[in-house]
Amino acid sequence: MSSDDSGAARAAAPARLTVDLGALLANHALLVRAAAPAAVAGVLKADAYGLGAAAVARALAGAGCREFFVACPAEGGALRAALPDAAIHVLGGLARDNLAQYLRLRLIPVLNTVEEAELWVAHAHGAAAALHVDTGMNRVGLDATDVERLVAQPALLAALRPSLLVTHLACADEPGHASIERQLERYAALRARLPPMRTSIGNSAGTLLGPATRGDLVRAGIALYGGNPFATGANPMREVVRLEARIVQLRDIADEATVGYGATHRVRPPARIATLALGYADGYPRALGGRGLASIAGRRVPVVGRVSMDYVTIDVTALPRAALAVGDYATLLGDGLALDEIAALAGTISYELLTRIGARVARRYL
Ligand SMILES: *Cc1c(COP(=O)(O)O)cnc(C)c1O
């Protein structure tokens with residue numbers, strides 16, 4: 001495909017995700033101010049939460065971001081291609097069969113087990129590594145027993161020379177939650193058993209909670225992308241994404257009728273239904289059938305009937321006929337339809353909504 005073809009494909013995209021990189025950088029600047037003197041690393045796992053890792057990485061690097069976190073080595077490779085000099089940490093899963101990938105791409109493993117530490121020391125010739133201690137998530141990372149196993153091998157620890165001590169909070173998005181204090185206490189105890197190194201505690205919410213939940217390096221994801229870092233309350237971040245889909249058909253319904261699979265929605269005639277080129281295959285949650293919202297010319301209209309693989313139907317009866325034409329875009333996220341509000345309607349969170357937006361949706365950047 002020539003670049004002209006791909007440009008035309010993008011221009012004619014049935015659905016598109018517009019990423020406001022200016023707003024993303026404003027969110028980054030807010031986090032940098034809040035975190036100081038701690039540094040802010042960008043968390044770009046899952047293709048920068050679905051926004052497009054290369055574009056997001058370049059924008060953040062241009063704003064002075066030097067450190068990044070991704071979930072797996074393949075994501076590290078995509079980031080390395082965009083950022084030849086950045087420090088790229090990989091959160092999960094160093095193994096014999098991907099070790100060469102870490103070394104070739106100069107990725108920094110966040111080691112989760114003693115076995116991973118042994119593997120790294122045996123093969124990495126002193127390359128940098130971080131350690132992840134599990135202080136209460138019970139998910140990944142070294143627990144207190146693992147840390148003692150490591151401490152019992154001074155030669156291993158000396159060869160490893162870990163550069164960063166990571167932990168992750170279970171409830172940073174709920175200020176005052178008792179588990180936060182408990183995790184910080186466990187972190188302090190584990191840290192005291194290990195050689196001095198930089199610390200990394202906070203995610204987006206931890207960054208904004210206060211100095212105790214930051215460490216030397218915070219790991220910010222959702223706040224960069226405009227999601228509310230906290231479970232409740234006003235969102236301090238700027239909106240970054242807008243999801244739009246084209247109207248592929250407009251239908252006037254004069255008689256009793258139903259819309260979509262299962263005939264679940266009964267229209268009250270006379271009604272007007274617009275069909276949009278976006279479905280659950282694009283990551284638009286099926287749970288939003290009969291619950292979702294769209295915005296056209298600044299007015300909210302309801303999603304009616306079931307969401308199907310490639311289409312979603314909205315009731316536009318209340319809109320002036322002149323406000324609508326086949327080929328126009330309707331907004332399904334952003335532009336007054338807040339990420340967290342739509343996620344809640346779908347019974348999920350902003351993180352899942354963003355990371356599921358599919359490959360058919362064209363990304364464009366402002
Ligand atoms: C995803 C992730 C983050 C980023 O969390 P946000 O809430 O998106 O800021 C930070 N640290 C770890 C270990 C993660 O897995």
Side-chain angles (χ1 to χ4, degrees), residues 24 27-28 30-32 34-35 38-51 53 56-57 60 65 67-73 75-76 79 87-94 107-113 116 129-143 164-175 177 179-180 183-184 187 190 198-210 213-233 235-238 240-241 339-340 343 348-357:
L24 186 142
N27 289 338
H28 176 252
L30 186 152
L31 292 166
V32 166
V40 176
V43 179
L44 272 63
K45 57 195 185 188
D47 200 24
Y49 291 37
L51 277 61
V56 168
L60 288 174
C65 187
E67 299 186 71
F68 298 86
F69 285 82
V70 292
C72 62
E75 292 178 357
L79 218 54
I88 301 172
H89 297 83
V90 179
L91 285 163
L94 177 72
L107 305 175
I108 303 170
V110 179
L111 304 170
N112 288 313
T113 65
E116 287 181 12
L131 279 182
H132 190 164
V133 288
D134 192 314
T135 54
M137 281 282 271
N138 289 306
R139 196 177 61 162
V140 288
L142 301 131
D143 63 17
L164 187 71
L165 190 64
V166 171
T167 199
H168 195 44
L169 301 176
C171 304
D173 61 339
E174 297 176 56
H177 195 286
S179 74
I180 298 173
Q183 284 196 258
L184 292 176
Y187 184 72
L190 296 177
R198 288 169 84 210
T199 57
S200 178
I201 304 173
N203 64 345
S204 296
T207 302
L208 299 175
L209 273 184
T213 48
R214 287 180 200 136
D216 300 315
L217 180 71
V218 296
R219 307 178 306 274
I222 198 68
L224 291 172
Y225 311 120
N228 190 346
F230 296 106
T232 56
N235 185 357
M237 313 316 298
R238 266 179 63 177
V240 174
V241 301
L339 189 56
D340 293 276
T348 184
I349 54 174
S350 58
Y351 300 71
E352 187 182 17
L353 194 54
L354 283 182
T355 55
R356 283 185 176 242
I357 294 173

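Predicted, not measured: the structure shown is a model, and the values here were computed from it. We count residues from 1, following the sequence as given. Atoms within a ligand are numbered from 1 in the order they appear, just like the ligands themselves.
In this structure, Tyr225 has no heavy atom closer than 4.0 Å to ligand 1.
With sequence neighbours excluded, the residues forming a ring-ring contact (aromatic ring centres under 6.0 Å, His included) with His89 are Phe69, listed by chain and number. Remark: Glu174 pairs with no residue by the salt bridge (Lys or Arg N to Asp or Glu O under 4.0 Å) rule, at least two apart or across chains.
Taking each heavy atom of Ala129 and Leu111 in turn, the nearest pair found is CB-CD1, 3.8 Å.
Distance from atom 5 (O) of ligand 1 to its nearest protein heavy atom, with residue and atom name: Asn203 CB, 3.4 Å. Looking only at heavy atoms of the protein, atom 7 (O) of ligand 1 is closest to Tyr351 OH, 2.6 Å. Of the protein's heavy atoms, Ser204 OG, 2.5 Å lies nearest to atom 9 (O) of ligand 1. In this structure, atom 11 (N) of ligand 1 lies nearest to the protein heavy atom Arg219 NE, 2.9 Å. Counting only heavy atoms of the protein, atom 8 (O) of ligand 1 lies nearest to Tyr49 OH, 2.6 Å.
Comparing Met137, Lys45, His168 against atom 2 (C) of ligand 1, the shortest heavy-atom distance belongs to Lys45.
For the side chain to side chain contact (heavy atoms under 4.5 Å, CB included) with Leu131, the qualifying choice from Asn112, Leu190, Leu165, Val166 is Leu165, the only one to do so. Each of Ile349, Val240, Asp47, Leu51 was scored for a side chain to side chain contact (heavy atoms under 4.5 Å, CB included) with Leu354, with one residue passing: Leu51. Put simply, the residue from Leu217, Thr135, Leu169 that forms a side chain to side chain contact (heavy atoms under 4.5 Å, CB included) with Ile201 is Leu169.
Checked against a 3.5 angstrom limit, the closest N/O atoms of Ala220 and ligand 1 fall outside it.
Under 4.0 Å from ligand 1, the heavy atoms of Leu91 that appear belong solely to its side chain.
Against a heavy-atom cut-off of under 4.0 Å, Ile222 is close to the following atoms of ligand 1: 6 (P), 7 (O), 8 (O), 9 (O).
A 4.5 Å side-chain heavy-atom check between Ile357 and Tyr49 finds every atom pair outside the cut-off.
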